[in-house]
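One structure below.
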2 protein chains.
Amino acid sequence: MPNMVQLDAIDRAIVLELQKESRLSYAEIGARVGLSAAAVHERVKKLERKGVIEAYRIQVNPKAVGLQVTAFIAVRLQNDATCADVAPTFGDFPEVEECHSAAGDIDVLLKARTATPEDLERLLYRIKRVPGVSRTTSTVVLSTQFENRPLIPVEPE
Amino acid sequence: MPNMVQLDAIDRAIVLELQKESRLSYAEIGARVGLSAAAVHERVKKLERKGVIEAYRIQVNPKAVGLQVTAFIAVRLQNDATCADVAPTFGDFPEVEECHSAAGDIDVLLKARTATPEDLERLLYRIKRVPGVSRTTSTVVLSTQFENRPLIPVEPE
DNA sequence: GCTGAAATAGGTCATAT
DNA sequence: ATATGACCTATTTCAGC
């Protein structure tokens, strides 16, 4: 499969642990998976080189930093526009956290966060004016049950 | 505003830097924001205590761990069911990464990842059989332009 | 590819301003 | 609330298996 990297059971366990808590010491991870700290270190560096681990980040509580509103915005494009055309412009809006090209009667799916409903309204207005955008359909999030759950690596057959 | 924490310009800068790269040393962050390492350390601990920083995580490339398919699943519930009722069951599916309660003609919005389209089909079948679920509408992601962008903390007025 | 130990770097804490 | 310096723990590297 394209982009897929062969991971053994220990690699998968390391990836899972680091998704939950990336500041575990290599010694602690080693104790959990049955390796020395140096061996864990070597595997982690290899996972970084192979592109399995893309970045080390903090998870921020959106409400605590003033972003009270989350919305998913479905965008229909005009027939002569592609997602690749409009994505850079959507990327200029810092409120837009994700941008996907989609199949179905939607062409582009965005996830956005704003401080207030009024800010979301202004963002939608700006999105509608992006060249190539035909129309938008928004779904406002009322509450979030869970988000940012760890990905479970697939076992190779 | 509820849950909102007052952050000054330095706190916002620290949160932004750590979202991009959480393994920066406190000394390096201090150099960027104009503080000593110990002062940065104290602010970071305070941000953790206040719940602004929820976790330290790695960002994993889904394709590299075998998750080739991403989909957003819109769920309509029966009138006697709430998102809080069904969310725990959705949480039992490890493929479901996010679960939001939504306004509009959708009641619950899920983001899910599977290895193959066939696995997505099986997941949808299981979701449809969850008590309280009326119907589902799926949007399959063809390509992702960007994801996991940092949240820009809002300046208090 | 793993281990164990040595060297380096960073995190932490007490004290002072 | 921040700075300094001493201490301590983790990371990193490397020789040997």
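A, B, ... follow the sequence lines: proteins, then strands. Residue 1 opens every chain.
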Taking only residues two or more places apart in sequence, or in another chain, which ones meet [X] in a side chain to side chain donor-acceptor pair (under 3.5 Å)?
X: S134(A); answer: none
X: Q19(A); answer: none
X: Q6(B); answer: none
X: S25(B); answer: none

query: Tracing side-chain links under 4.5 Å among I, L, V, M, F, W and Y, which residues wind up in one group with L16(B)?
result: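 When side chains under 4.5 Å apart are linked, the cluster holding L16(B) also contains I152(B).
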
Notebook entry, point to check: Transitive ILVMFWY cluster of V141(A) at side-chain heavy atoms under 4.5 Å: who else is in it?
Noted result: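 Reading the cluster by chain and number, V141(A) sits alongside F72(A), L109(A), F72(B), L109(B), V141(B).
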
Rounded off to whole Å, could you give me the [atom1]-to-[atom2] distance for the [X] and [N] pair?
X: L7(B); N: dA1(D); atom1: CG; atom2: P; result: 14 Å
X: R43(B); N: dA1(D); atom1: CZ; atom2: C1'; result: 8 Å
X: Q6(B); N: dA1(D); atom1: CD; atom2: C1'; result: 17 Å
X: D11(B); N: dA1(D); atom1: CG; atom2: C1'; result: 12 Å
X: I10(B); N: dT2(D); atom1: CD1; atom2: P; result: 7 Å

Looking only at non-hydrogen atoms, find the nearest pair between T139(B) and A103(A) and report the distance.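 Closest heavy-atom pair between T139(B) and A103(A): CG2-O, 3.7 Å.
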
Global bending angle along the helix from dG1(C)-dC17(D) to dT17(C)-dA1(D), which compares the axes of five pairs at either end, to 10 degrees
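If I round to tens, the end axes sit 30° apart.
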
- Task: Sorted by first residue and then second, give each ring-ring contact (aromatic ring centres under 6.0 Å, His included) pair with at least one member in residues 105-152 of chain B; sequence neighbours left out.
- Result: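 Qualifying pairs: none.
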
**Message:** Per the salt bridge (Lys or Arg N to Asp or Glu O under 4.0 Å) rule, what does the pair list look like for residues 4-16 of chain A, sequence neighbours excluded?
**Reply:**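 Non-adjacent pairs meeting salt bridge (Lys or Arg N to Asp or Glu O under 4.0 Å): D8(A)-R43(A), D11(A)-R43(A).
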
- Does anything in residues 13-20 of chain A reach DNA chain C, meaning a heavy atom under 4.0 Å, and if so which residues?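 The answer is none.
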
Please list every donor-acceptor pair under 3.5 Å in which a side-chain atom of residues 84-93 of chain A meets a protein atom from a residue at least two apart or in another chain.
from: D85(A); atom 1: OD1; to: T82(A); atom 2: OG1; distance (Å): 3.3
from: D85(A); atom 1: OD2; to: T82(A); atom 2: N; distance (Å): 2.9
from: D85(A); atom 1: OD2; to: T82(A); atom 2: OG1; distance (Å): 3.1

Could you grab the distance from atom CD of Q68(B) to atom NZ of K63(B), nearest 0.5 Å is fine?
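If we round to the nearest 0.5 Å, Q68(B):CD and K63(B):NZ are 6.5 Å apart.
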
Pick out the pairs of N or O atoms, protein on one side and nucleotides 10-12 of chain D on the other, that lie under 3.5 Å.
from: dT11(D); atom 1: OP2; to: Y26(A); atom 2: N; distance (Å): 3.0
from: dT12(D); atom 1: OP2; to: H41(A); atom 2: NE2; distance (Å): 3.2

